[in-house]
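In the text below, chain A, chain B and the rest are named by the order of the sequence lines, each starting its count at 1. Every value quoted in this text rests on a predicted model; they were computed, and no experiment measured them.
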There are 2 protein chains.
Amino acid sequence: MGVTLKDVAEAAGVSITAVSKVLHGSGKSVRIAKETETAIREAAHRLQYVPNSVARSLRTSRTRTIGLVFENFGSLSEGPMYYVLMLDGVAQELFRNHYRLTILAEVSHKHVGGALSDGRMDGAIWCKLPMEEEVLTQLAQSRIPVVALNTEAPTNPLLTYVSCDNEGGARLVVEHFYALGHRRVLYVMETGEDDTPDATARLRGFRRACQEACLPFTEDDIVFWDRDASQFADWWRSGPPHTGVFAWNERVAGAVLRRAHESGVHVPGDLSVVGFDSTPFCETTSPPLTAVRQPILEMAKHAARILFESLDNGPDEPRVFTYPCTLDVRGSTAPTSMVRRTRRKPVETSNGPVLDAERGNP
Amino acid sequence: MGVTLKDVAEAAGVSITAVSKVLHGSGKSVRIAKETETAIREAAHRLQYVPNSVARSLRTSRTRTIGLVFENFGSLSEGPMYYVLMLDGVAQELFRNHYRLTILAEVSHKHVGGALSDGRMDGAIWCKLPMEEEVLTQLAQSRIPVVALNTEAPTNPLLTYVSCDNEGGARLVVEHFYALGHRRVLYVMETGEDDTPDATARLRGFRRACQEACLPFTEDDIVFWDRDASQFADWWRSGPPHTGVFAWNERVAGAVLRRAHESGVHVPGDLSVVGFDSTPFCETTSPPLTAVRQPILEMAKHAARILFESLDNGPDEPRVFTYPCTLDVRGSTAPTSMVRRTRRKPVETSNGPVLDAERGNP
DNA sequence: GGCGGTTGATAAAACCTTTTATCCATCATA
DNA sequence: TATGATGGATAAAAGGTTTTATCAACCGCC
């Protein structure tokens, strides 16, 4: 079917070895005269020779391909944005280094090793690797290097992890609120997501930071956002003492924003709102959403670079790289001192949040 | 390095052929006794044999891998949403059929053929293929089947295209506006995007549908949205006759929405807004955005299925599949007759859009 | 004339699998 | 006793590349 080295060799009247040497520079004891070289190049060009990379990979056992494994790929477009960002970052770094990218999904936990060891890729990056001990040990023994690209990492890793500090991110939020004068902040969790590692880390960070700042924080300061947001509405009607809301992710934060808008509550005039995951979406809300940024793109690129490293220099000890989160301050947060000045129109609902910057202040 | 057929064969005391037959069922003239089979399976399991798919591909010249080519992959997370949807749809269909997916980017137009013909994939889907004749002819002669997954298609194709009817989508918008009583609609274009095939098709559809409905539409009914939205602001201040706005894409539509909100103009009470590309984003605006839906996910899956077809039954004649667009009606559009009733608060800007449902009505 | 060094090139093995052709028993049938 | 199936298994080629080992020829030099 395709044109092979042999075809080019025959056309140029030389051996396969000579063609291989000229076209790909391989074999150090092989020397070729200038004229022969041009003849070979001419023939290759004329026949439109394209090297068969499958054959090459078989010989060299290198594919210059990295596998990207998605634990529930399910639907990339409906899942959280950071999947896209992980893919994006990894892809950019890979392509920059002339590596190819292949995507794996739904890799059975029973056959983790097999899926990665069939010779099709030189290394793998596992996005959102679950932390089951059994899977991890299997992966650690894999024939190819594997890097986990997560948002949280186990304390005692068997694999190399690139992750970020959700707990620290949540602390930033508390600090931000505190600096703006807020003393009671509501934490909005999403139903069904509360036992993920990320969610627990964020809540932990929030709780601890509140303690350290001597801010009151009890279980009553947590509200769950479910399908019809009924709990949230209940809270809203109760005339709560909170002047700020921290939503565990940016979608929920956006929903809070809309909800506030519909109820005639002005953000940030009457209520400050912060979300987690600073994505392009945060720029599109009104007001734009203050949110914690996980440097996913950078993390993804780093994961790729770690892989290059182990491919070049052999395997390394498992390490954990933890990136700090930062806070992208936008328009949805404001100092409590400005509240009365920026409040432009009367609150339409009778039970809107009570502005009480002093209560709870030690 | 890895365990091979040979290792298993030795461990089981049989030939390579026997192992291959048992483990992969190949070779019809090969027969194996029950006991031998169990011995082989046992050995394979004990040694944790994983077949080398590179070697298999070399032999069979099938990789069960499809390449997805992105004309400017650049940055998936910053580009338009439909890239993600294309990837998502293709991936879903591929995985469902146990194909693998590999992503190519920045394939040089000089070496289109080479990049696809190196044996690494059985077929390719090209997202947003540019319509340069030269590239197309090269692709058409490619050794592997190629399908173009576009939003617009050339009239006389050399390749098989899956695309959708942007022009028809724009017409839907005009019909929707007309049915709601709107008689003057502003078309908002984005600077620097106006000569893409999609943009021209949408504008063409809009213009023609206006003509057919005897609605006035001149060059004055087009406004460009640039970085600081100054043209749009100018239009706004001019006290225009339009009661509706059609933004060429959903991001611009979202920006219009925010702009209106900031100016105290109520949507849809005072102004109806429609966007192009009904994405999850449209659910997050307030009000939710009425938008034209291109069935990208379906199109992507279809493209994959076409590829399966040609891989199974050999190449087919080039065809063009054009999907109709639909309109997702959400909260940003309302009948003009309801305008005065739903307008709840006074317009704050002095030069807001004049509500003039009758003017221009034949 | 023998030896070492250099240039130019090739043969052949290896990578691992698939698959056809072949072989050897054994058993039944004419 | 040939003949022919049939069951059970293997040898070997092919697929396209990389790479080592080898070879032939030539030159210069002691």
**Study point:** Sidechain N-carboxylate O distance under 4.0 Å for B/R62, B/D122
**Key:** yes
Check your understanding: In terms of side-chain geometry, is the basic nitrogen of A/R305 or A/E309 positioned less than 4.0 Å from the acidic oxygen of its partner?
Key -> no
Review point. How many Å lie between CZ on B/R56 and C1' on C/dT19, as a whole number?
Key: 13 Å
Check your understanding: With respect to the phosphate group of D/dG7, does any side-chain polar atom (N or O) of B/R31 fall under 4.0 Å of OP1 or OP2?
Key -> yes
Point to revise | Distance below 4.0 Å between B/Y49 side-chain N/O and C/dC16 OP1 or OP2 | key: no
Practice item. Send over the distance from B/I16 CD1 to C/dT19 P, rounded to a whole Å. Key: 15 Å
Point to revise | Among D/dT17, C/dA11, C/dG8, the one nearest A/A33 by side-chain distance | key: C/dG8
Practice item. Would you check if the side chain of A/S310 reaches a backbone N or O of A/I306 as a donor-acceptor pair within less than 3.5 Å? Key: yes
Review point. So what does A/V14 touch, heavy atoms closer than 4.0 Å: a base, only the sugar-phosphate, or nothing?
Key: sugar-phosphate
**Study point:** Length of the CG-C1' vector between A/N52 and C/dC16, whole Å
**Key:** 14 Å
Check your understanding: Could you give the CZ-to-C1' distance, from A/R120 to C/dC16, as a whole number of Å?
Key -> 14 Å
Check your understanding: At under 4.0 Å between heavy atoms, what does A/T36 touch on the DNA or RNA strands: base, sugar-phosphate, or nothing?
Key -> sugar-phosphate
Review point. Any idea which of C/dA9, C/dT17, D/dG8 is nearest the A/I32 side chain?
Key: C/dA9
Exercise for review: Anything under 30° is parallel, anything over 60° is perpendicular, the rest tilted; go ahead and classify B/F70 against B/Y83.
Suggested key: perpendicular
Exercise for review: Tell whether B/T17 reaches the base of D/dA11 with its side chain through a donor-acceptor pair below 3.5 angstrom.
Suggested key: yes
Exercise for review: Tell me which of B/A55 and B/E37 sits closer to the 5' end of DNA chain D, going by the nucleotide each one is nearest to.
Suggested key: B/E37
Point to revise | NZ/NE/NH1/NH2 to OD/OE distance under 4.0 Å, A/K301 and A/D88 | key: no
**Study point:** Side-chain-base donor-acceptor pair under 3.5 Å for B/S29 and C/dA21
**Key:** yes
Review point. Could you state the NZ-P distance from B/K21 to C/dA21, rounded to the nearest angstrom?
Key: 16 Å
Practice item. Would you mind reading off the distance between A/L58 atom CG and D/dT19 atom P, rounded to a whole angstrom? Key: 13 Å
Check your understanding: NZ of A/K6 versus P of C/dT10: gap in Å, rounded?
Key -> 15 Å
Exercise for review: Indicate whether OP1 or OP2 belonging to C/dC15 is found under 4.0 Å from a side-chain N or O atom of B/T4.
Suggested key: no
**Study point:** Integer-rounded Å distance: C/dC15 C1' and A/R62 CZ
**Key:** 16 Å
